[in-house]
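Naming convention: chains lettered A, B, ... in sequence-line order (proteins, then strands); numbering from 1 in each chain.
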Amino acid sequence: MELSGSEIIIQFLKDEGVKHIFGYPGGAVLHIYDALQKQTDVEHILVRHEQGASHAADGYARATGKPGVCLVTSGPGATNAITGIATAYMDSIPLVVITGQVPSHVIGQDAFQEVDAVGVSRPCVKHNFLVKDLSKLAETLKKAFYVATTGRPGPVVVDIPKDITAPHIKIPYEYPAKVDIRSYNPNFKGHPRQIKRAVELMLSAKRPMVYTGGGIIMDNASQELRDFVRRLGFPITQTLMGLGAFPGTDPQFIGMLGMHGTYEANMAMHECDVLICIGARFDDRITGVTSKFCPYAQIIHVDIDPASISKTINADIPIVGGAKQVLSEMIKQIDSTDARVDQTALDNWWNTIKTWQQQDSFAYEKKDGLIQPQEAVEELYKVTGGDAYITSDVGQHQMYAAQFYHFDEPRRWINSGGLGTMGFGLPAAMGVKLAFPDKDVACVTGEGSIQMCMQELSTCLQYGLHVKIINLNNRYLGMVRQWQEFFYEKRYSHVYMDSLPDFVKLVEAYGHVGIRVDDPKDLHDAMAEAFKLKDRTVFLDIITDQEANVYPMISAGKAHNEMDISPLQQARQAALREKGELV
Amino acid sequence: MRHIISLLVENEAGALSRISGLFSARGYNIESLTVATTEDQTLSRMTIITTGSDRIIEQITKQLNKLIDVVKLQDFTEGNFIEREMMFVKVKAEGDTQRGEVKRLSDIFRARIIDVTDTTFCIELTGSGDKLDAYIRAMHENNIIEVVRSGSMGILRGEKALTL
Ligand SMILES: Cc1ncc(C[n+]2csc(CCOP(=O)(O)OP(=O)(O)O)c2C)c(N)n1
Ligand SMILES: [Mg+2]
């Protein structure tokens, strides 16, 4: 088969099994868009801003486990996509981003719309390529997919100069089913002796704790994790990135950990004697101050990326390997060894945890006539039966969504954890909805974040992506305001969202349904209505308590056992102490 | 502690910037970096001299290994290796006394004079970084016109080798 560069790109995508790509045309990719137009196998979604393309592809990848694919033009197309690429990089999401480039012979001459896409993207990609030779195009694309999806996944940029895609230059094409990169061997198998040592250690624990992250989801190891944790009967906590891998409603799950995690999860981290970390990376939002982290624990750390091990927290038993393979191996060892968990010690440990759970650290007070952001998420959970795909933006609303929507399945909770990118939620939801048109997909956002990629409402209309936007409108950049309240004596500097648009009118202008709610009494009906409108994109503008704060919280320099609890909880504790019911 | 890390990397445009970019992005020290192709035209050999605590050095080697362009890597520091650096020094050499002095000093260091004018010498000197430092110190500072150093390169002693 003789094909032009543009035709090779499209044919390759078909052969690679890519059904959807997200993109935006421009001069450097005109030839590719012409080839796209002549076929129907690969569906192109025209976003309204290239940031939307990279976030949508990212959401698609997180929900499906398949790589997300974008196509953008040179220069501003490439730079606009960068925020989404960096977002995917921080959360290890497989993306392949094809950027057009100016023709080879003018590269380096400051040509129109020239930017060094390889150079600009380098610090936030797993790898990138500049295609210099048409004969290497197919192989390079294959390498890009291979690198993006194997080992610790990540985004890969393929920069393709315009001349490479010229329609009149054709070469023979064959799908490169397999590629080999001599310097890249992503198949780490956990070392059997280390796994054996780890199993011995965990079975000898008196106060064990399992702590898992996004690595479980990336490696599709949820089932193995469930088997493992249930066999042992240990408590488990998950990071913001790991929610859903182990069911959020299972009694063995004691809540998310970290800065806004549950009191019991953080206390258990502090007091545990053996910590089993799988597919998480001891991020600073998780550990609090590292010098006081898990002071009594011996630490087992399983990760596919050797560089994640002992980076911030020293591992006593490091295991380099994929979560799925290592967990299966551990389960086998647990089943074949004679050693048993010390059940009395474990029962005592659970009793201690239960006393911490009595703190009910997410509790909040409902008020007449004033919607609390938490109750909006609780309502969302009820109305969707806990079965929706939830994306979020970044801020207080993100933490409320993580705290109050209990994810029972992996890949349902889709948010920018590592980079914390406002603007992620809506385009990510579009990617999810495209992959799962029959599922409920909701984006929990704030009036600040939603305005960062608002333009994608137009894309939703064009492709019938009927997502529900749950806007927790507190008229503040709430998370920043919270920090200014706590740490800057309420000097609120540039966090008030003045001159907000009338969101209802705005989304109506985009051709969607807008519903505004400001009374708790109306919350249920509005939410139910939004999800009843199956074939409409609905924007729920929920006016919430302006000064609500996210609790509990570990402040900078604090340890897990030094959480701040909400004023409500403090008052309750004081009352209990007075009655002598709390020691 | 000072470490000498030797790498085999793909001889491709961009490999060098990935490596130097890693050091700047993650705030690692870099004392010197040398690079040139090997007998195999597809590979470059690089020697990096860096300093840091054990934890940082461990991260540096892990992060370098993660780069797709890095084919092989070894930290020579613990092992038995040879390290050399090359230097050119251009110095003022006017009048017999000064010319004689520069020549004597160069003989002591086994340096070679490789270019001569009526008023200058250009000297070539190979050795450990310390030796080159010592030579510069011994030379009167205001005599020195120009110093060009290659940065260190290293190779393992004996039969061991860093090859594919
Ligand atoms: C692109 C980007 N810019 C700035 C920030 C810093 N930031 C984090 S949370 C936040 C406030 C978000 O406000 P909003 O979307 O209204 O959510 P809320 O906290 O009020 O729920 C800001 C500005 C960010 N995370 N991302
Ligand atoms: Mg807000």
(message) Can you confirm whether more than 12 heavy atoms, excluding those of B:I113, are under 6.0 Å from its CD1 atom?
(response) yes
(request) Report the C-alpha separation of A:S183 and B:I68 in whole Å, then their side-chain angles, then the decisive distance to 0.1 Å, and conclude whether the side-chain contact (heavy atoms from CB on, under 4.5 Å) test is met. (result) CA-CA 6 Å; A:S183 55; B:I68 311 279; 4.2 Å; yes
(request) May I ask you to name which of B:R18, B:Q63, B:K72 has the most heavy-atom pairs under 4.5 Å with chain A? (result) B:R18
(request) Check whether any side-chain N or O of B:K66 sits under 3.5 Å from a backbone N or O of A:D305 as a donor-acceptor pair, and report yes or no. (result) no
(message) Surrounding CZ of B:R2 (heavy atoms of other residues, nucleotides or ligands, distance under 6.0 Å), is the total greater than 12?
(response) yes
(message) Once rounded to the nearest 0.5 Å, what's the spacing between atom CZ of A:F129 and atom CD of B:E12?
(response) 8.0 Å
(request) Please look at A:I309 and chain B and tell me whether the side chain, the backbone, both or neither of the residue comes under 4.5 angstrom of a heavy atom of that chain. (result) both
(message) Counting only heavy atoms not in A:K142 (residues, nucleotides, ligands), do more than 12 fall under 6.0 Å from its NZ?
(response) yes
(message) Can you confirm whether B:D118 is buried at CG, in the sense that more than 12 heavy atoms of other residues, nucleotides or ligands lie under 6.0 Å from that atom?
(response) no
(request) Kindly check if the number of other-residue, nucleotide or ligand heavy atoms within 6.0 Å of CG (B:D96) is above 12? (result) no
(request) Check each atom of B:T42 against the heavy atoms of chain A and say whether the ones under 4.5 Å are side chain, backbone, both or neither. (result) both
(request) For B:K131, look at atom NZ and say whether over 12 heavy atoms of other residues, nucleotides or ligands are found less than 6.0 Å away. (result) yes
(message) I need the A:R182 CZ to B:L8 CG distance, nearest 0.5 Å.
(response) 8.5 Å
(request) Flag yes if more than 12 heavy atoms outside B:M153 fall under 6.0 Å of its CE atom; otherwise flag no. (result) no
(message) I'd like to know which of B:A25, B:A13, B:S17, B:G14 tops the heavy-atom pair count under 4.5 Å against chain A.
(response) B:S17
(request) Could you tell me the separation between the CD atom of B:E58 and the CG atom of A:N314, rounded to the nearest 0.5 Å? (result) 7.5 Å
